[in-house]
S.K.: 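Please read through the structure below; I'll follow up with questions.
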Amino acid sequence: MGSSVVLDELERAIKTRDEAVPGRVLMRLVALHESLESPQTVTETIDFDGFFVKLLRACDRGTRMRLAQHWCGQKNPPRQAMLLLALDRDPAIPTFVITSAKSLTNNDLLEIARRGSPPHWHALADRPELSAILVDFLMVFADEDT
């Protein structure tokens with residue numbers, strides 16, 4: 001099954017009226033990705049991270065939080081999916097991701113700061129270590145509470 005066929009199936013799942021379908025499909029896709037013996041090789045052919053991002057946008061809060069908790073404990077979680085969770089519309093999810101994910105790079109944190117809002121900035125300020133450039137960004141652009 002080619003990645004375009006998989007993407008078409010995912011698009012149908014996202015557009016369904018049953019709110020639980022995108023979350024179930026996403027959880028199965030995550031399990032499939034993690035069950036692969038050499039996920040890096042397959043990931044070069046199939047854009048799992050892109051699929052995760054598309055489905056995350058259609059998932060309920062509970063599914064997004066479960067995946068945030070799952071991926072924050074991994075050394076190399078899907079980068080784009082993690083950034084999407086770090087910028088999530090529910091403040092509890094980005095707070096959890098930003099304060100606990102060790103996989104976020106300095107560039108990721110700068111992107112979150114640039115695209116984020118006060119709840120994101122507060123979570124960034126709560127991280128144990130921040131680079132000087134990130135501290136400077138927050139000093140200039142963040143709100144007074146941060």
S.K.: Ring-plane angle category for Phe48 and Phe51, please: parallel below 30°, perpendicular beyond 60°, tilted otherwise.
M.R.: perpendicular

S.K.: Under a 4.5 Å cut-off applied to non-hydrogen side-chain atoms, are Arg115 and Leu83 in contact?
M.R.: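 Answer no - side chains too far apart.
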
S.K.: Can you tell if the side chain of Leu130 reaches within under 4.5 Å of the side chain of Leu138, non-hydrogen atoms only?
M.R.: yes

S.K.: Could you report the tightest heavy-atom contact between Cys59 and Leu26, atom names first, then the distance?
M.R.: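 So the minimum-distance heavy-atom pair works out to SG-CD2, 3.6 Å.
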
S.K.: Given the rule in the side chain to side chain contact (heavy atoms under 4.5 Å, CB included) test, do Cys72 and Val97 qualify, once you have shown the distances and angles that lead to the verdict?
M.R.: CA-CA 6 Å; Cys72 280; Val97 171; 4.0 Å; yes

S.K.: Rounded at 0.5 Å granularity, tell me how far CD in Glu129 sits from CG in Leu109.
M.R.: 11.5 Å

S.K.: Is there a side-chain contact between Val135 and Met139 in this structure, where contact means two heavy atoms from C-beta onward sitting under 4.5 Å apart?
M.R.: yes

S.K.: Provide the closest heavy-atom pair for Ala86 versus His120 in the form atom of the first, atom of the second, distance.
M.R.: O-CD2, 3.0 Å

S.K.: Take atom CD1 in Ile133; do more than 12 heavy atoms of anything else shown fall under 6.0 Å from it?
M.R.: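 Open: at most 12 neighbouring heavy atoms sit under 6.0 Å from CD1 of Ile133.
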
S.K.: Would you indicate whether the side-chain heavy atoms of Phe96 and Leu85 approach each other to under 4.5 Å?
M.R.: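 Of all side-chain heavy-atom pairs linking Phe96 with Leu85, none is under 4.5 Å.
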
S.K.: Could you tell me whether the side chain of Met27 reaches within less than 4.5 Å of the side chain of Leu67, counting heavy atoms only?
M.R.: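 Result yes, sub-4.5 Å side-chain heavy-atom pair found.
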
S.K.: First locate atom CG of Leu84, then atom CD1 of Ile93, and finally report the distance between them rounded to the nearest 0.5 Å.
M.R.: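 Output value for this atom pair is 9.5 Å.
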
S.K.: Got a donor-acceptor contact below 3.5 angstrom from the Arg127 side chain to the Ile98 backbone?
M.R.: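 Yes.
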
S.K.: Using every non-hydrogen atom in the two residues, find where Ala81 and Trp71 come nearest and quote the distance to one decimal.
M.R.: CB-CZ3, 3.6 Å

S.K.: Roughly how far, to the nearest 0.5 Å, is CZ of Arg66 from CD of Gln69?
M.R.: 9.0 Å

S.K.: Heavy-atom distance under 4.5 Å between the side chains of Arg89 and Pro94, does that happen here?
M.R.: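 No, side chains not in contact.
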
S.K.: Please lay out, stage by stage, how His70 and Glu34 fare under the test side chain to side chain contact (heavy atoms under 4.5 Å, CB included).
M.R.: CA-CA 12 Å; His70 177 71; Glu34 292 177 357; 2.7 Å; yes

S.K.: Measure across Ala92 and Met65 and return the closest heavy-atom pair with its distance rounded to 0.1 Å.
M.R.: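 Residues Ala92 and Met65, closest heavy atoms: O-CE, 3.7 Å.
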
S.K.: Who pairs with Thr105 by side-chain hydrogen bond (donor to acceptor under 3.5 Å, both in side chains), at least two apart in sequence or on another chain?
M.R.: Asp108

S.K.: Please say which of Thr95, Asp143, Thr99 ends up in a side-chain hydrogen bond (donor to acceptor under 3.5 Å, both in side chains) with His122.
M.R.: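 The residue from Thr95, Asp143, Thr99 that satisfies side-chain hydrogen bond (donor to acceptor under 3.5 Å, both in side chains) with His122 turns out to be Asp143.
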
S.K.: Do the side chains of Val53 and Arg57 get nearer than 4.5 Å, heavy atoms only?
M.R.: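 With C-beta onward as the side chain, the pair touches.
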
S.K.: Less than 4.5 Å apart, side chain to side chain, heavy atoms only: is that true for Ile112 and Leu104?
M.R.: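 Yes, close enough: below the 4.5 Å cut-off.
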
S.K.: Please report the shortest heavy-atom distance between Gln80 and Asp49, naming the atom on each side.
M.R.: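 That would be N-OD2, 2.7 Å.
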
